[in-house]
Amino acid sequence: MTKEKNNKPSKELPLGFVDRQEKELLVRDFIISNIKEVMIKYGFQYLETPSFEYSDSIGKFLPDKERPDEGVFSFKDENKWLSLRYDLTAPLARYVAKNYLEIPKPFKRYQLGTVWRNEKPGPGRFREFLQFDADYVGTKSLQADAELCVMISEILEKCGLAKSEYIIKISSRKITEELFKKINIKDNQQRLTALRALDKIDRLGWIGVKELLGGGRYDNLVNNFGNYDAPATGISIGIDRLVYALMQKKEFKVKQSKPVVICVFDKNSMKDYIEVQTILRKAGVSTEIYPGESKLKKQMEYANKIKSPVVILYGENEIKLGKPTLRNLSTGEEKSIEIKELVNEIKKII
RNA sequence: GCAGCAGUAGCUCAGUUGGUUAGAGCACUAGUUUGUGGAACUAGGGGUCGGUGGUUCGAAUCCACCCUGCUGUACCA
């Protein structure tokens, strides 16, 4: 940690929190739009619950300790403990219990939201991350579990993962119990060890995209809030891990059109620049007038830095002729263009 | 949580018998070019060498503790 001089505020981030930049966010948005599309197709309801819940609502109140368990971020508000949610399943259970009489049974809902965990962060593991959750509440039918698998697979493929790049693993306690009987493992410790070994084999086998998502049945969770018969099953994806997985793929690129930059030669010609900008923006072309008054060279450097495809040079002479000059920033080529033809010419380059 | 390794400029790193004012490349800023970016050249800014304490005439360098990061391992609603 760098010590700041003169009491200036620290520019460091709290442990386990990160800034996320455009490149990553675009991939994230892409994933989210795919998720929403699939969820609508499968008939799930969209839900949002608050970031904070009462600590005991999400199973984090320990009566004998004076404060909620570690693992969550909490504070005391008027004698009640509040915690930031650590997943989306516990809030769902709370929501279902609260609205039990009104909601359809079974209840299918999906949710996208940030969750927080007060744990030691590791590589690719932060204290704040975006999670996606889809659940069936109120059905014991294995049809629900099966549909979740199909659905998740559709989402992954839509996001650009080929069938060969992911594996959906299904496990059931019933199956493992049978297995244990066969090979004669009775001791509890031995079972745990065996289960972990299985889990580890799974993770190591899944190269590139590991621990990416999880799910399962939690038939009793809603019941904790009262006497509700609400067997449930669900699945969650750590969106950020999926983002990371997709970014690993070379061919994967999300396009984002960067603005055309109109250079400023003379503040007094601003109305001419604005005119051009308006024409382009109306045509849906991302455009901006250089935000400042620097020399042309600085303006070119700026355009280059933001990866602008084209710069428009509209100086005194060009304005007289009504013909701005277009400079293609990837080729360096320049062309004098009639204003009427601007949009067409630029669209060719973009 | 436990163990191993690491921390010098925004980034990647040089810097050993402990010795003037701590270096390089890239990046950044300004200029060479007051209408032209990606190249070159010139100049400049930026570090209490992760922190605190100790040893010493003298510490980036040696010692102790702490913080942070990486790796492995344990745990995890």
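Numbered from 1 within each chain, the chains take letters A, B, ... in sequence-line order. Remember, it's a predicted structure, so these values are computed and weren't measured experimentally.
Across A:Lys108, A:Arg109, A:Gln111, a single residue satisfies side-chain hydrogen bond (donor to acceptor under 3.5 Å, both in side chains) together with A:Asp135, and that is A:Arg109. Residue A:Glu53 forms a salt bridge (Lys or Arg N to Asp or Glu O under 4.0 Å) with just one option from A:Arg94, A:Lys80, A:Arg85, and that option is A:Arg94.
Closest to the side chain of A:Phe265, from the set B:G31, B:G35, B:A77, is B:G35. In this structure, the nucleotide among B:G35, B:A77, B:A30 sitting nearest to the side chain of A:Tyr86 is B:A77.
For A:Lys335, the side chain to side chain donor-acceptor pair (under 3.5 Å) partners are A:Glu345, not counting sequence neighbours. Shown here are the ring pair (Phe, Tyr, Trp, His ring centres under 6.0 Å) partners of A:Tyr46, two or more places apart in sequence or in another chain: A:Tyr110. In this structure A:Lys158 satisfies the salt bridge (charged side-chain N to carboxylate O under 4.0 Å, His left out) test together with A:Glu37, sequence neighbours excluded.
Side chains of A:Glu318 and A:Thr325: a donor on one and an acceptor on the other come within 3.5 Å.
Hydrophobic clustering, defined by side-chain heavy atoms of Ile, Leu, Val, Met, Phe, Trp and Tyr closer than 4.5 Å, groups A:Leu88 together with A:Val115, A:Phe129.
At a threshold of 4.0 angstrom between heavy atoms, the contacts of A:Asn317 include nucleobase atoms, whether or not backbone atoms are also involved.
Nucleotides B:G31 and B:C70 have their C1' atoms positioned 43 Å apart, rounded to a whole Å. Comparing B:C49 with B:G10, their P atoms sit 12 Å apart, to the nearest whole Å. B:G19 and B:U56: their C1' atoms are spaced 12 Å apart (whole Å). B:G50 sits 13 Å from B:A14 when the P atoms are compared, rounded to a whole Å. Nucleotides B:A6 and B:U20 are separated by 31 Å at their C1' atoms, to the nearest Å. Spacing of C1' atoms, B:C2 relative to B:U17, comes out at 37 Å, to the nearest Å. The P atoms of B:C41 and B:G58 are separated by 44 Å, rounded to the nearest whole Å. Rounded to whole Å, the separation between the P atoms of B:G15 and B:C28 comes to 27 Å.
The partner of B:U32 is B:A40, by the rule that a Watson-Crick or G-U pair needs both atom distances under 3.5 Å. In this entry B:U16 has no Watson-Crick or G-U wobble partner, no candidate having both defining distances under 3.5 Å. When both pairing distances are held under 3.5 Å, B:C26 makes a Watson-Crick or G-U pair with B:G10. Nucleotide B:A3 has B:U71 as its partner under the Watson-Crick or G-U criteria, with both atom distances under 3.5 Å. Taking a pair to require two hydrogen-bonding distances under 3.5 Å in either a Watson-Crick or a G-U wobble arrangement, B:A77 remains unpaired. The nucleotide B:A64 finds its pairing partner in B:U52, both defining distances of the Watson-Crick or G-U wobble pair being shorter than 3.5 Å.
Residues A:Leu342 and A:Ile274 share a hydrophobic cluster, clusters being chains of Ile/Leu/Val/Met/Phe/Trp/Tyr side chains in contact below 4.5 Å.
Computed from coordinates, the A:Phe17 CZ to B:U68 C1' distance equals 16 Å when rounded to whole Å. In this structure, A:Lys295 places its NZ atom 13 Å from P of B:U29, rounding to the nearest Å. A:Leu88 has its CG atom 13 Å from the C1' atom of B:A77, to the nearest Å. A:Lys335 places its NZ atom 22 Å from the P atom of B:U36, with the value rounded to the nearest Å. When rounded to the nearest whole Å, the span between CZ of A:Arg94 and C1' of B:A77 equals 17 Å. Going from atom CD1 of A:Ile58 over to atom C1' of B:A77 covers 9 Å, rounded to whole Å. With rounding to whole Å, A:Trp116 atom CH2 is found 25 Å from B:C76 atom P. Rounded to whole Å, the distance from CG on A:Leu296 to C1' on B:G37 is 10 Å.
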Polar pairs (N or O, both sides) under 3.5 Å between protein and nucleotides 38-40 of chain B?
{"residue": "B:G38", "atom": "N2", "partner": "A:Ser330", "partner atom": "O", "Å": "3.4"}

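Contact annotation: side chain of A:Glu318 to base of B:G35, donor-acceptor pair present below 3.5 Å. Not a single donor-acceptor pair, N or O on each side, falls under 3.5 Å between the base of B:U36 and the side chain of A:Gln299.
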Return all side-chain donor-acceptor pairs below 3.5 angstrom for residues 282-292 of chain A, not counting sequence neighbours, or 'none' if the list is empty.
{"residue": "A:Thr287", "atom": "OG1", "partner": "A:Val285", "partner atom": "O", "Å": "2.8"}
{"residue": "A:Glu288", "atom": "OE2", "partner": "A:Tyr302", "partner atom": "OH", "Å": "2.7"}
{"residue": "A:Tyr290", "atom": "OH", "partner": "A:Ser294", "partner atom": "OG", "Å": "3.0"}

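Nearest-nucleotide positions on RNA chain B for A:Lys305 and A:Gly315 put A:Lys305 closer to the 5' end.
OP1 or OP2 of B:A30 sits under 4.0 Å from a side-chain N or O of A:Lys298.
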